[in-house]
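To keep things clear, I will list the structure first and then write my remarks on it.
Numbering starts at 1 and runs along the sequence shown. Any value given below was found using the heavy atoms of this structure, including those in side chains, with hydrogens, waters and symmetry copies removed.
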Amino acid sequence: MTYLPNPTRYKAMPYRRCGKSGLLLPAVSLGLWHNFGAIDNRENARVILKLAFDSGITHFDLANNYGPPAGSAEETFGKIFKDDFSSYRDELIISTKAGWGMWEGPYGDWGSKKYLVASLDQSLKRMGLDYVDIFYHHRPDPQTPLEETMGALDLIVRQGKALYVGISSYSAGETAAAITVLNRLGTPCLIHQPKYSMFDRWIEGGLLDLLGDKGIGCIPFSPLAQGLLTDKYLKGIPEGSRAASHRGNGAIEENAITAEKIAKVTRLNELAGKRGQDLAQMALSWILKDDRITSVLIGVSKPEQVTDSLKCLENSSFSGDELNAINSILG
């Protein structure tokens with residue numbers, strides 16, 4: 001049966017300008033880091049992607065190594081895109097990345113021009129695309145000159161393989177240097193994708209200020225600390241949860257769920273209830289309260305988690321007392 005998207009999909013979703021660019025992104029975007037690999041159910045992935053698009057989520061975020069195994073999330077997405085989304089390519093923002101280990105030998109990791117260009121070529125084949133909207137360098141490379149890595153991003157745009165470029169997990173200092181090089185080359189940095197949540201606030205130490213000052217977008221990943229900032233682990237580690245699955249590829253493990261963290265989660269959950277939200281919704285709203293944030297990436301394993309996450313948009317403002325209470329709980 002031919003997929004026909006929800007005709008009202010753009011009415012409920014707010015779209016935010018990405019820095020000083022002309023690009024708008026949905027306030028909530030969908031990341032395919034987990035749950036879209038070859039070990040996962042493709043039909044479940046299809047339902048999630050359709051529901052996301054039907055809800056106004058126009059941005060799907062991938063990377064070369066997402067799976068597991070590495071590359072399989074792009075393959076899954078490519079097959080679903082061909083079946084259901086090819087007619088809507090111009091309504092989608094699709095991103096991918098390279099920077100972590102992808103294949104054996106000296107040319108399948110880090111930030112050389114050889115690796116980045118070859119990796120994107122492979123990603124485009126897996127997804128069945130002519131280009132991606134955003135291509136990221138996935139992590140800083142201390143061994144490769146920054147001019148080479150940023151030069152590869154510039155080359156990729158000039159080749160027509162990406163419309164925009166971004167960086168991920170760069171420190172404030174590294175980001176400032178990357179911005180300078182990219183500006184000199186004539187391909188500005190569109191966006192930064194850092195890890196950011198109530199439990200991991202490192203970007204508040206200078207990076208967020210820099211992005212705001214330079215007019216660069218910010219799209220945090222792991223806003224729920226891979227499920228820790230939900231009610232999922234309040235009574236232990238459920239069977240079938242990400243922590244119990246031992247997926248690898250950076251997924252949360254059981255040892256990350258400590259008694260100290262659960263005590264904080266319990267108090268945050270109580271505060272969320274007073275706001276008329278569940279904890280996941282409050283954690284997403286807490287990130288979106290800052291107008292320097294362009295979008296927040298959610299990762300889901302079930303369609304209903306898409307619907308639940310989007311309810312964060314119904315209450316994204318916080319009183320001073322609420323923010324003080326959150327800071328007190330977090331320490």
Side-chain angles (χ1 to χ4, degrees), residues 18-19 31-33 61-74 94-127 131-159 161-196 200 202-203 205-208 210-211 214 216-222 248-251 297:
C18 192
L32 280 67
W33 181 11
D61 178 72
L62 299 102
N64 61 349
N65 65 331
Y66 288 177
S72 61
E74 290 181 330
I94 301 169
S95 61
T96 195
K97 317 176 196 68
W100 290 91
M102 186 61 190
W103 63 86
E104 293 184 358
Y107 314 120
D109 200 352
W110 293 103
S112 71
K113 183 180 290 187
K114 169 70 173 174
Y115 171 48
L116 296 182
V117 172
S119 180
L120 181 53
D121 285 345
Q122 292 179 17
S123 291
L124 293 174
K125 289 179 182 177
R126 284 191 288 267
M127 292 189 285
Y131 69 95
V132 292
D133 298 279
I134 307 169
F135 182 67
Y136 290 88
H137 186 221
H138 209 163
R139 62 168 171 169
D141 180 353
Q143 303 301 321
T144 299
L146 187 63
E147 289 76 10
E148 178 178 343
T149 302
M150 297 302 107
L153 299 185
D154 174 65
L155 173 65
I156 282 165
V157 169
R158 295 180 189 279
Q159 289 177 331
K161 296 174 183 177
L163 301 184
Y164 303 94
V165 297
I167 53 179
S168 178
S169 301
Y170 276 54
S171 69
E174 291 164 337
T175 298
I179 291 168
T180 298
V181 175
L182 285 170
N183 285 343
R184 186 168 68 243
L185 292 169
T187 299
C189 181
L190 173 78
I191 194 166
H192 191 300
Q193 187 177 132
K195 188 176 185 180
Y196 183 43
D200 193 347
W202 72 275
I203 70 171
L207 177 61
L208 201 51
L210 174 68
L211 298 177
K214 296 295 184 180
I216 293 169
C218 183
I219 181 167
F221 71 93
S222 288
N249 198 32
L297 281 166

Can you tell if the side chain of [X] reaches within under 4.5 Å of the side chain of [Y], non-hydrogen atoms only?
| X | Y | answer |
| --- | --- | --- |
| Leu182 | Pro188 | no |
| Thr144 | Lys113 | no |
| Asn65 | His138 | yes |
| Thr96 | Tyr136 | no |

If you look at every heavy atom in [X] and [Y], which pair is closest and at what distance?
| X | Y | answer |
| --- | --- | --- |
| Ser119 | Asn64 | OG-ND2, 2.9 Å |
| Tyr170 | Thr149 | OH-CG2, 4.1 Å |
| Leu208 | Cys218 | CD1-SG, 4.1 Å |
| Ala178 | Leu146 | N-CD2, 3.6 Å |
| Ile134 | Val165 | CG2-C, 4.4 Å |
| Gly111 | Asp141 | N-OD2, 3.0 Å |

Distance, nearest 0.5 Å, that separates [atom1] of [X] from [atom2] of [Y]:
| X | Y | atom1 | atom2 | answer |
| --- | --- | --- | --- | --- |
| Ser72 | Arg126 | OG | CZ | 9.0 Å |
| Tyr164 | Tyr131 | OH | OH | 10.0 Å |
| Leu153 | Leu190 | CG | CG | 12.0 Å |
| Cys189 | Leu211 | SG | CG | 8.0 Å |
| Leu207 | Trp202 | CG | CH2 | 4.5 Å |
| Ile219 | Ser95 | CD1 | OG | 7.0 Å |

> Checking side chain to side chain contact (heavy atoms under 4.5 Å, CB included) for the pair Glu174/Ile167: CA distance, chi angles, key distance, verdict?
Replying inline: CA-CA 10 Å; Glu174 291 164 337; Ile167 53 179; over 6 Å; no
>> Test: salt bridge (charged side-chain N to carboxylate O under 4.0 Å, His left out). Region: residues 147-159. Which pairs qualify, not counting sequence neighbours?
In response: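 Output for this query lists Asp154-Arg158.
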Any donor-acceptor pair under 3.5 Å from [X] side chain to [Y] backbone:
| X | Y | answer |
| --- | --- | --- |
| Arg139 | Ser169 | no |
| Lys97 | Leu62 | yes |
| Asp61 | Gly31 | no |
| His192 | Ile216 | no |
| Asp133 | Ile94 | yes |

> Quick check: are there more than 12 heavy atoms from other residues, nucleotides or ligands sitting under 6.0 Å from NZ of Lys161?
Replying inline: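 Result for NZ/Lys161: enclosed.
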> Crowded around Trp100 CH2? As in, over 12 foreign heavy atoms under 6.0 Å?
Replying inline: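 Check fails, neighbour count at 12 or below.
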> Does the gap between the ring centers of Trp103 and Tyr115 come in under 6.0 Å?
Replying inline: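 Yes, the ring of Trp103 comes within the 6.0 Å limit of the ring of Tyr115, centre to centre.
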> side chain to side chain contact (heavy atoms under 4.5 Å, CB included) between Ser168 and Phe221: does it pass, once the steps are laid out?
Replying inline: CA-CA 10 Å; Ser168 178; Phe221 71 93; 4.3 Å; yes
